[in-house]
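Since the structure comes first, as structure tokens, the remarks are kept for the end.
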Amino acid sequence: MGSVDTDSERNQALYLQDQHDQENKDDLASRIWVETKKLWQTAGPAIFSLMAMFSMNMITQSFAGHLGGVELAAISISNTVIVGFNYGLLLGMASALETLCGQAFGAERYHMLGIYMQRSWVVLFLCCFMLLPFYVFATPLLKRLGQADEVAKMAGAVALWLIPLHFSFAFLFPLRTFLQSQLKNQVTAWVSLVSLGINALTSWLFVYELHFGVVGVAIALDISWWALPLGLFVYCSCGRCPSTWTGFSVQAFSGLWEFVKLSVASGVMLCLENWYYRILIIMTGHLKNSTLAVDALSVCMGTIGWELMIPLAFYAAAGGTSNYNWTCVVRAYHAIEEQDALAFTSDADVIHEVDSLSPLLAISILLNNVQPVLSEGAGCPFRFPLYPLKETVFAVTGVAVGSGSQTKIAYVNLGCYYIIGLPLGFLMGWVFKLGIKGIWCGMILGGTFTQTVTLAIITMKFNWDKEAEKARNRVDKWSKPRPAG
């Protein structure tokens with residue numbers, strides 16, 4: 001009987017243990033499902049809005065491409081190189097706001113979000129004036145960089161018409177971050193949809209009805225990009241953000257120097273990466289038959305940029321869901337092989353060249369689905385337990401931006417892209433005479449792949465308790481409770 005009792009007790013203990021394990025699994029599954037829904041509620045609208053914004057540039061290239069090869073090269077270089085260089089710096093500087101807004105929202109210092117946004121407006125607007133020489137002297141600059149005279153001249157003329165677009169960034173980026181920090185991505189999505197419609201309509205009107213040519217395409221882009229910040233500001237200033245927008249304040253002009261320093265660190269971090277791909281366009285311009293090479297590469301870069309909006313939206317949602325990576329790779333590869341380049345140009349030589357670049361395009365898309373989550377990040381505040389029984393308020397703003405580690409990531413970008421990637425691209429492109437494929441392959445292996453691995457290692461070594469404490473200290477430094485009454 002003793003043996004039977006012992007077996008019975010053992011079986012009962014095993015049953016209770018199995019039941020406990022099952023409850024833990026069910027609880028884990030439930031928590032994962034809740035967090036997944038939160039992720040998609042934020043990432044879904046962010047994916048749509050980012051894709052809509054980038055699609056405006058794609059529409060611009062498409063209209064320009066059907067005007068002619070030189071027009072496509074001109075709009076691609078002016079928009080990708082001139083605007084793109086400045087876009088990278090301004091977007092990076094605006095990421096300082098992501099750090100501050102995300103952490104202030106998580107710490108319930110809501111009134112500071114509007115003040116931070118106004119400080120960012122001031123800093124970015126002044127920076128826009130400092131960057132104007134890139135537009136004014138675009139033609140001689142592009143000629144000095146080796147671009148063909150015909151393309152450089154037209155690209156310089158287009159760049160002047162894109163100056164209004166340039167200034168829209170100073171207001172758009174802070175507004176987008178301001179709303180994103182409050183999980184209001186749906187607003188940005190709706191405004192982006194309207195702006196996309198405006199872009200398609202005005203592009204058709206200026207090109208086919210008014211016959212403004214490539215200048216008309218640039219004007220249409222200006223109008224549609226300014227519709228974004230204007231629409232978002234109307235939403236914010238009409239009482240839709242009562243806790244975070246309390247009107248214009250003179251506090252926006254206080255602490256500007258500290259804000260500038262954080263903005264510059266953020267700007268350097270992002271623009272080092274953003275400029276890397278602009279340099280790829282410039283290097284391609286030195287190849288034989290440069291117009292064909294630039295046209296083909298601009299189509300590929302457009303495809304990469306459009307797809308990149310998906311992982312960018314996921315890090316905006318503070319996630320790392322990349323199960324769709326290989327699906328994106330396969331689809332992009334087949335899309336190019338099926339000559340989707342026809343959407344951008346009717347030139348058979350360009351279409352053939354794009355088709356030959358499709359394997360490199362697929363590899364770039366794969367890496368781009370992993371790398372953004374590890375570096376920049378964007379504001380998305382949640383309360384979450386870092387470890388069991390230790391809950392803290394921490395604004396998850398991406399591994400780098402959220403932790404305020406912009407300077408560290410800037411060094412990583414500098415080393416991977418410019419010390420390893422560019423020399424390897426030059427070596428494979430010119431020394432081994434592999435042309436555009438060699439340049440791109442070298443820059444992928446030397447820059448993007450190396451950076452992805454490096455950031456993964458850094459991320460795994462992060463001390464999240466320490467980062468949470470740094471976040472709390474930063475909130476205390478940068479904001480003060482608003483006086484009662």
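Positions are given from 1, in the same order as the sequence printed here.
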Quick one: closest heavy-atom pair of Ala73 and Val151, and the distance? CB-CG1, 4.0 Å
Centroid-centroid under 6.0 Å between Phe171 and Phe233 rings: no
Residue pair Met53 / Ser195, side-chain heavy-atom distance below 4.5 Å: no
Start with the C-alpha distance between Phe167 and Phe129, add both sets of side-chain angles, then the distance that settles ring pair (Phe, Tyr, Trp, His ring centres under 6.0 Å), and finish with yes or no. CA-CA 8 Å; Phe167 278 94; Phe129 276 102; 5.0 Å; yes
Determine whether a donor-acceptor pair (N or O, by modelled atom type, separation under 3.5 Å) exists between the side chain of Arg119 and the backbone of Gly114. no
Would one find more than 12 heavy atoms of other residues, nucleotides or ligands at under 6.0 Å from atom CZ of Phe134? no
For residues Asn79 and Leu165, determine if any side-chain heavy atom of one lies less than 4.5 Å from a side-chain heavy atom of the other. yes
So do Trp121 and Leu175 actually touch side chain to side chain, heavy atoms under 4.5 Å? yes
Would a 4.5 Å heavy-atom cut-off, applied to side chains only, mark Ser78 and Val83 as touching? no
Pairwise side chain to side chain donor-acceptor pair (under 3.5 Å) hits with a residue in residues 128-140, at least two apart: Tyr135-His166
Are Tyr235 and Trp190 an aromatic pair by the rule of ring centers under 6.0 Å? no
Who passes side-chain hydrogen bond (donor to acceptor under 3.5 Å, both in side chains) against Lys143, sequence neighbours left out? none
Whether Gln118 side chain and Ser249 backbone form a donor-acceptor pair below 3.5 Å: yes
Leu201 CG to Phe206 CZ distance, which is reported to the nearest 0.5 Å: 9.0 Å
Once rounded to the nearest 0.5 Å, what's the spacing between atom CG of Asn199 and atom CH2 of Trp204? 14.5 Å
Distance from Leu221 atom CG to Ile59 atom CD1, nearest 0.5 Å? 9.5 Å
Check whether the side chains of Thr244 and Gln182 place a donor and an acceptor atom closer than 3.5 Å, and report yes or no. yes
Strictly under 6.0 Å, is that where the ring centroids of Phe63 and Tyr208 end up? yes
Does atom CZ (Phe253) have a neighbourhood of more than 12 heavy atoms from anything else shown, all under 6.0 Å? no
What are the two closest non-hydrogen atoms of Ile439 and Gly429, and how far apart are they? CG1-CA, 3.7 Å
What is the distance from atom CE of Met93 to atom SG of Cys128, rounded to the nearest 0.5 Å? 9.0 Å
How close do Ala152 and Leu142 get, heavy atom to heavy atom, and via which atoms? CB-CB, 3.9 Å
For Cys441, side-chain contact (heavy atoms from CB on, under 4.5 Å) partners two or more places apart: Leu360, Met428, Leu445
side-chain contact (heavy atoms from CB on, under 4.5 Å) between Ile77 and Val158: does it pass, once the steps are laid out? CA-CA 10 Å; Ile77 290 176; Val158 171; over 6 Å; no
Give me the atom names and distance for the closest heavy-atom approach of Cys416 to Thr454. SG-OG1, 3.9 Å
Can you list the steps and then say if Phe173 with Ser120 is a side-chain contact (heavy atoms from CB on, under 4.5 Å)? CA-CA 9 Å; Phe173 296 155; Ser120 188; over 6 Å; no
Mark yes or no for whether Thr177, through its side chain, and Pro174, through its backbone, hold a donor-acceptor pair below 3.5 Å. no
Counting C-beta onward and ignoring hydrogens, is there a side-chain heavy-atom pair between Ser49 and Asn185 closer than 4.5 Å? no
Student check: side-chain heavy atoms of Phe48 and Leu193 closer than 4.5 Å: yes
Please round to the nearest 0.5 Å and tell me the distance separating atom CG of Leu427 and atom CG of Leu434. 9.0 Å
Side chains of Trp161 and Phe212, heavy atoms from C-beta outward: is any pair under 4.5 Å? no
Atom pair CG/CG of Leu124 and Leu172 - distance to nearest 0.5 Å: 10.5 Å
Phe125 and Phe169: ring pair (Phe, Tyr, Trp, His ring centres under 6.0 Å), yes or no, with the steps? CA-CA 9 Å; Phe125 187 69; Phe169 299 151; over 10 Å; no
In terms of heavy-atom contacts, Pro133 and Met130 come closest through CD-O, 3.4 Å
Looking only at heavy atoms, what is the nearest atom pair of Gly65 and Leu72, with distance? CA-CB, 3.7 Å
Which label fits Phe248 and Trp245: parallel for a plane angle under 30°, tilted from 30 to 60°, or perpendicular past 60°? perpendicular
Are Ile419 and Pro423 close enough that some pair of their side-chain heavy atoms sits under 4.5 Å apart? no
Step by step, work out the side-chain contact (heavy atoms from CB on, under 4.5 Å) result for Ser192 and Leu196. CA-CA 6 Å; Ser192 300; Leu196 180 61; over 6 Å; no
Leu232 vs Lys184, test: side-chain contact (heavy atoms from CB on, under 4.5 Å). Steps then yes/no. CA-CA 11 Å; Leu232 295 180; Lys184 293 180 179 290; over 6 Å; no
